[in-house]
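What follows is a single structure, written as structure tokens, with notes after it.
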2 protein chains.
Amino acid sequence: MSRVRLPLLSVPQPPLAEDRKHADNLGLAEPAELLQVGDLAKETGKTVRAIHLYEELDLLRPRARSKGRYRLYGPDALVRIRWIGKLQDMGFSLTDIQTVVRDWEESGSAPSAMTKMREVYTKKLEETRALRRRLQRLEHELQASLDYLDTCDVCEPDRILSACKACDHHECDHTVPELVAGFRANPSPS
Amino acid sequence: MSRVRLPLLSVPQPPLAEDRKHADNLGLAEPAELLQVGDLAKETGKTVRAIHLYEELDLLRPRARSKGRYRLYGPDALVRIRWIGKLQDMGFSLTDIQTVVRDWEESGSAPSAMTKMREVYTKKLEETRALRRRLQRLEHELQASLDYLDTCDVCEPDRILSACKACDHHECDHTVPELVAGFRANPSPS
DNA sequence: ACTAACCCTCACGTAAAGGTTAGACATGTC
DNA sequence: GACATGTCTAACCTTTACGTGAGGGTTAGT
């Protein structure tokens with residue numbers, strides 16, 4: 001019975017690509033462009049700790065390790081991390097994602113995998129729509145409350161506001177928005 | 001830098017008013033209708049524990065106690081609890097609400113209080129709008145991904161799906177939706 | 001009086017998603 | 001070789017919103 005929580009938003013802002021450190025190992029044709037964890041962090045906006053965590057959860061895996069055991073990732077890791085981020089944004093928990101990933105990898109045979117993927121996304125699409133409607137209702141309520149408050153100082157311009165906390169002016173029309181009523185309800189102790 | 005999380009939704013469903021236990025103490029005019037914590041719980045869908053918690057956080061306070069120290073609430077408590085719930089739905093944490101309440105009570109003088117209330121709601125209204133836009137983008141992405149997947153089995157009806165995990169059919173048009181690409185990115189260990 | 005429901009006050013547990021040390025190597029640069 | 005950074009592992013810390021007993025009174029009804 002957990003209710004919806006809509007936390008404050010703040011998009012990570014991919015901190016614009018930094019200087020490629022050890023340029024490119026000119027000579028070796030293919031395995032060029034290996035990134036280390038900090039690079040991933042910079043480009044995805046996630047922290048190193050977060051990326052390590054994803055690995056602990058088997059959501060991500062370094063392509064190799066350096067001699068000194070540094071993790072080395074291919075560029076696909078970027079895709080993966082961003083993907084994780086998007087799923088999170090859509091409301092998946094990391095453990096949800098774990099499941100999704102496990103399912104995908106277990107069904108090495110594709111058809112079921114594709115089906116699953118479609119299922120997951122379809123379901124989430126519906127949830128997202130529902131959530132948006134819900135938000136819209138909240139928006140209306142907020143708007144209504146603000147309108148109500150405006151009324152309050154329209155009918156009693158400016159000055160009388162100082163008495164407004166106890167103002168019964170609106171009490172006659174019993175449609176005090178809940179968002180406003182709640183403020184006053186349940187007064188503090190004696 | 002916390003990102004948005006949009007948890008699964010599920011509205012509490014106010015479990016339709018139960019039988020008024022000790023009917024109404026016929027005789028005593030005013031202080032009738034005192035509820036005890038379980039009643040509040042039933043009517044708001046919150047748990048008793050939750051209600052106790054709200055009290056610990058100074059968001060709610062019983063109007064009185066019975067001889068045996070049972071908490072007794074007036075009907076305004078219902079309003080208050082529902083109000084708390086709505087604020088939570090809008091993304092306020094309980095500690096946020098604590099602040100709001102404290103602010104409201106401290107400014108016993110009303111004008112600043114009203115202003116504050118308006119401020120809070122105005123801000124939240126904007127956040128909510130932003131969030132909705134964000135969700136809309138996610139919705140589009142989901143839709144796009146699903147469309148993409150449909151393409152996948154339109155061009156290769158049915159059977160070839162079994163090879164689709166490795167299918168490069170779409171790789172030519174480099175617009176693999178991130179939501180789809182992420183699935184495949186970063187293959188598991190060797 | 002007896003019983004079934006309630007309620008009281010601690011107080012510790014939990015899940016999520018990392019944050020934050022700490023102590024110790026690794027790398028790249030001058 | 002010396003420095004400044006960057007990484008490694010391991011392990012404990014943090015916050016949120018309650019959940020879950022334990023141990024023990026309270027109420028209402030019969």
Side-chain angles (χ1 to χ4, degrees), chain A residues 1-8 10 12 18-25 34-42 44-60 62 64-73 81 84-85 87-89 91-99, chain B residues 1-8 10 12 18-25 34-42 44-60 62 64-73 81 84-85 87-89 91-99:
Chain A
M1 187 235 279
S2 61
R3 309 198 67 178
V4 185
R5 287 302 102 82
L6 332 167
L8 295 300
S10 77
E18 295 293 316
D19 45 0
R20 219 71 333 271
K21 207 169 305 173
H22 25 47
D24 41 354
N25 32 3
L34 282 186
L35 308 171
Q36 56 185 54
V37 69
D39 300 333
L40 291 189
K42 272 173 205 152
T44 59
K46 300 280 183 186
T47 67
V48 171
R49 172 61 168 123
I51 297 178
H52 284 346
L53 177 63
Y54 300 158
E55 186 177 336
E56 286 170 27
L57 300 178
D58 292 314
L59 305 182
L60 182 68
R65 296 274 190 146
S66 75
K67 315 153 219 173
R69 305 194 28 74
Y70 279 28
R71 289 168 179 82
L72 297 175
Y73 303 86
I81 293 176
I84 293 173
L87 291 190
Q88 283 187 295
D89 283 355
F92 289 96
S93 72
L94 288 184
T95 27
D96 290 342
I97 304 182
Q98 244 183 117
T99 314
Chain B
M1 186 233 280
S2 60
R3 311 198 68 179
V4 185
R5 285 304 99 83
L6 330 166
L8 295 299
S10 77
E18 295 293 316
D19 47 359
R20 221 68 336 271
K21 208 169 307 175
H22 26 45
D24 39 355
N25 30 4
L34 283 186
L35 308 171
Q36 56 186 56
V37 68
D39 301 333
L40 291 189
K42 272 171 207 152
T44 59
K46 299 281 183 184
T47 68
V48 170
R49 175 60 171 122
I51 296 178
H52 284 158
L53 176 63
Y54 300 159
E55 186 177 336
E56 286 169 28
L57 299 178
D58 292 313
L59 304 182
L60 182 68
R65 295 275 189 146
S66 75
K67 316 153 216 173
R69 302 190 36 70
Y70 279 27
R71 290 169 178 82
L72 297 174
Y73 304 87
I81 293 176
I84 294 173
L87 292 190
Q88 283 187 297
D89 282 356
F92 289 96
S93 72
L94 289 183
T95 27
D96 289 342
I97 303 182
Q98 242 182 117
T99 315

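Throughout, protein chains are lettered first and strands after them, A, B, ... in sequence-line order, and every chain is numbered starting at 1.
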Please report the distance, rounded to the nearest Å, between [atom1] in [X] and [atom2] in [N].
X: A:R65; N: D:dT7; atom1: CZ; atom2: P; result: 13 Å
X: A:E56; N: D:dC8; atom1: CD; atom2: P; result: 12 Å
X: B:L72; N: D:dT27; atom1: CG; atom2: P; result: 9 Å
X: B:D39; N: C:dC6; atom1: CG; atom2: P; result: 10 Å
X: B:I97; N: D:dC18; atom1: CD1; atom2: C1'; result: 14 Å
X: B:L59; N: D:dA17; atom1: CG; atom2: P; result: 10 Å
X: B:L35; N: C:dC6; atom1: CG; atom2: C1'; result: 15 Å
X: B:I84; N: D:dT16; atom1: CD1; atom2: C1'; result: 15 Å

Below 4.0 Å: OP1/OP2 of [N] and any side-chain N or O of [X]:
X: A:T47; N: C:dG19; value: yes
X: B:Y54; N: D:dC18; value: yes
X: B:S66; N: D:dT27; value: yes
X: A:Q36; N: D:dT7; value: yes
X: B:H52; N: C:dC8; value: yes
X: A:Q88; N: C:dG18; value: yes
X: B:R69; N: C:dT9; value: yes
X: A:T95; N: C:dA16; value: yes
X: B:Y70; N: D:dG25; value: no

(message) When you measure from the side chain of B:T95 to the backbone of B:Q98, do you find a donor-acceptor pair of N or O atoms at a distance under 3.5 Å?
(response)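 No; zero donor-acceptor contacts below 3.5 Å.
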
(request) Check whether any side-chain heavy atom of A:P62 sits under 4.5 Å from a side-chain heavy atom of A:L72, and report yes or no. (result)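 Result no, sub-4.5 Å side-chain heavy-atom pair not found.
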
(request) Using a heavy-atom cut-off of under 4.0 Å over every strand shown, decide if B:L53 touches base, sugar-phosphate, or nothing. (result)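 Base contact.
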
(request) May I ask you to say what B:R49 touches in the nucleic acid, namely base, sugar-phosphate or nothing, with a heavy-atom cut-off under 4.0 Å? (result)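 Touches a base.
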
(request) Starting from the 5' end of DNA chain D, give me the residue, B:K67 or B:S93, whose nearest nucleotide shows up first. (result)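 Closest to the 5' end, via its nearest nucleotide, is B:S93.
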
(request) Could you say whether B:I51 or A:R71 is positioned toward the 5' end of DNA chain D, judged by the nucleotide with the nearest heavy atom to each? (result)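 Counting from the 5' end, the first nearest nucleotide belongs to A:R71.
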
(message) Go through it in stages, so that I can follow the logic: the residues are B:T47 and B:H52, the test is side-chain contact (heavy atoms from CB on, under 4.5 Å), and I'd like the CA-CA distance, side-chain angles, deciding distance and then a yes or no.
(response) CA-CA 9 Å; B:T47 68; B:H52 284 158; over 6 Å; no

(request) Using the closest heavy atom to pick a nucleotide of DNA chain C for each, name whichever of A:G68 or B:G38 lands nearer the 5' end. (result)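 Taking each residue's closest nucleotide, the earlier one in sequence belongs to B:G38.
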
(message) List the residues meeting salt bridge (charged side-chain N to carboxylate O under 4.0 Å, His left out) with B:R49, not counting sequence neighbours, and say none if there are none.
(response)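 Residues passing salt bridge (charged side-chain N to carboxylate O under 4.0 Å, His left out) with B:R49: B:E56.
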
(message) So which atom in B:Q36 and which in B:Y70 form the shortest heavy-atom distance, rounded to 0.1 Å?
(response)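 B:Q36 and B:Y70 have their closest heavy atoms at OE1-CD2, 3.9 Å.
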
(request) Starting at CG of A:L60, measure out to OH of A:Y73 and round the result to the nearest 0.5 Å. (result)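 Here the rounded value is 5.5 Å.
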
